[in-house]
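Right, one structure below, let's go through it.
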Protein chains: 2
Amino acid sequence: MNPLKEALDTLKDTGVRITPQRHAILEYLINSMSHPTADDIYKALEGKFPNMSVATVYNNLRVFREVGLVKELTFGDASSRFDFVTSHHYHVICEKCGKIVDFLYPGLDEVEHLASHVTGFKVENHRMEIYGSCPECASKEVH
Amino acid sequence: MNPLKEALDTLKDTGVRITPQRHAILEYLINSMSHPTADDIYKALEGKFPNMSVATVYNNLRVFREVGLVKELTFGDASSRFDFVTSHHYHVICEKCGKIVDFLYPGLDEVEHLASHVTGFKVENHRMEIYGSCPECASKEVH
DNA sequence: TTCTTACATTGTAATTGTTATAATTAATTT
DNA sequence: AAATTAATTATAACAATTACAATGTAAGAA
Ligand SMILES: [Mn+2]
Ligand SMILES: [Mn+2]
Ligand SMILES: [Zn+2]
Ligand SMILES: [Zn+2]
């Protein structure tokens, strides 16, 4: 089944109304294959929805996050980015141009276990990102 | 040698003037043994420096970051936290009360290597945090 | 010392991403 | 259809941070 249809089913199951705006935001998240900001989405859809409020984008991204359809990525400096949730993965980020690349890695269970053991925390999850220069930016560096 | 003295030497070596405000901010960062926000520092020092501007705190934290004395920690939602740099470590964070605990773990070199291999990035560093409930909050949960 | 210049601090305004609020519109239930 | 509930819109508010201009301070040259 295609991911959009599946996402819409999730909304239906959790009693969240499927509005044209929500449909469009989901569709954009899935098709863009990137990690857009709320503003990216807002701008991308202003052709189709000239009257949509930026608050609607934020509201709906929060709704999607709450039902587990999207993951919010927060990289310190700038604004949040949103990732349509497929399988669990990490991100490799270019510090020069900001490019974000998905990166699969088998879960770091051992780290979570050790952290729990050492600190006494009930560990739920973790985040990890890898930073560096993408091939394009790295090649520009050496000139 | 004590860390404050060492930090002041670093400033001297890099040609950064040691002002009373800078001295006090560094001292607070080292002695508090925590991960304060800029505002925490500002409030903690307003007794000693009633006229210090919040801009001064931000300016100097940036200076300290640039010369490698402090690390800025950005956890999405709230404001940045600042960590006086000692040895490399990770953080375990309570999602209930916000407590932050240092956590030592041998470097995840393997992850960096694989990421570099798979994406072609020139990998520089990574970040990782572990999330869960601290012992106090976890015990409150089960009631 | 006095003059000069560079750096630092202060107070405040501006900026940015995000959220809150109230009014309006749309969808669902009765 | 009427009533109820949820969603959207427009705009104001907010909080963290930065920019800016004016003032203050310290080191170096004369
Ligand atoms: Mn991703
Ligand atoms: Mn720490
Ligand atoms: Zn790049
Ligand atoms: Zn806690």
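Just so it is clear, the structure is predicted and the values come from calculations on it, not from any experiment. Lettering follows sequence order; numbering is per chain, from 1.
- Looking at residues two or more places apart in sequence or on another chain, you find a side-chain hydrogen bond (donor to acceptor under 3.5 Å, both in side chains) between B:S133 and B:K96, B:E141.
- Atom P of nucleotide C:dT12 and atom CG of B:N59 are separated by 16 Å, given to the nearest angstrom.
- A straight line from CD1 of B:I41 to P of C:dT9 spans 14 Å, rounded to a whole angstrom.
- Remark: B:R17, B:T19, B:Q21, B:R22 in residues 3-26 of chain B come within less than 4.0 Å of DNA chain C through at least one heavy atom.
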Atom pairs, protein N/O to nucleotides 16-18 of chain C N/O, distance under 3.5 Å:
unit_1, atom_1, unit_2, atom_2, d
C:dT18, OP1, A:S80, N, 3.0
C:dT18, OP1, A:S80, OG, 3.3
C:dT18, OP2, A:Y58, OH, 2.4
C:dT18, O5', A:Y58, OH, 3.4

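- Residues passing the side-chain hydrogen bond (donor to acceptor under 3.5 Å, both in side chains) test with A:T10: none are found, sequence neighbours excluded.
- In this structure a side-chain-to-backbone donor-acceptor pair under 3.5 Å is missing from B:T37 to B:S80.
- Pairs passing the ring pair (Phe, Tyr, Trp, His ring centres under 6.0 Å) check and including a residue from residues 46-88 of chain A, sequence neighbours excluded, read A:H88-A:Y90.
- Under 4.0 angstrom from either OP1 or OP2 of C:dG11 there lies no side-chain N or O belonging to B:S53.
- Distance, B:N51 CG to C:dT9 P: 13 Å, rounded to whole Å.
- For B:R22, the salt bridge (Lys or Arg N to Asp or Glu O under 4.0 Å) test picks out no residue, with sequence neighbours left out.
- Listed by first and then second residue, the salt bridge (Lys or Arg N to Asp or Glu O under 4.0 Å) pairs that reach into residues 10-20 of chain A come to none, sequence neighbours excluded.
- Here B:V85 is tied to no hydrophobic group at all, with no ILVMFWY side chain closer than 4.5 Å.
- For residues 110-133 of chain B, the salt bridge (Lys or Arg N to Asp or Glu O under 4.0 Å) pairs, not counting sequence neighbours, are A:R127-B:E129, A:E129-B:R127, B:K122-B:E124, B:R127-B:E129.
- Residue pairs meeting the ring pair (Phe, Tyr, Trp, His ring centres under 6.0 Å) criterion with at least one member in residues 27-46 of chain B, sequence neighbours excluded: B:H35-B:H91.
- With sequence neighbours left out, A:R65 forms a side-chain hydrogen bond (donor to acceptor under 3.5 Å, both in side chains) with A:E72.
- Using a 4.0 Å cutoff to heavy atoms of chain B, the contacted part of DNA chain D runs 5' to 3' from D:dA16 to D:dA19.
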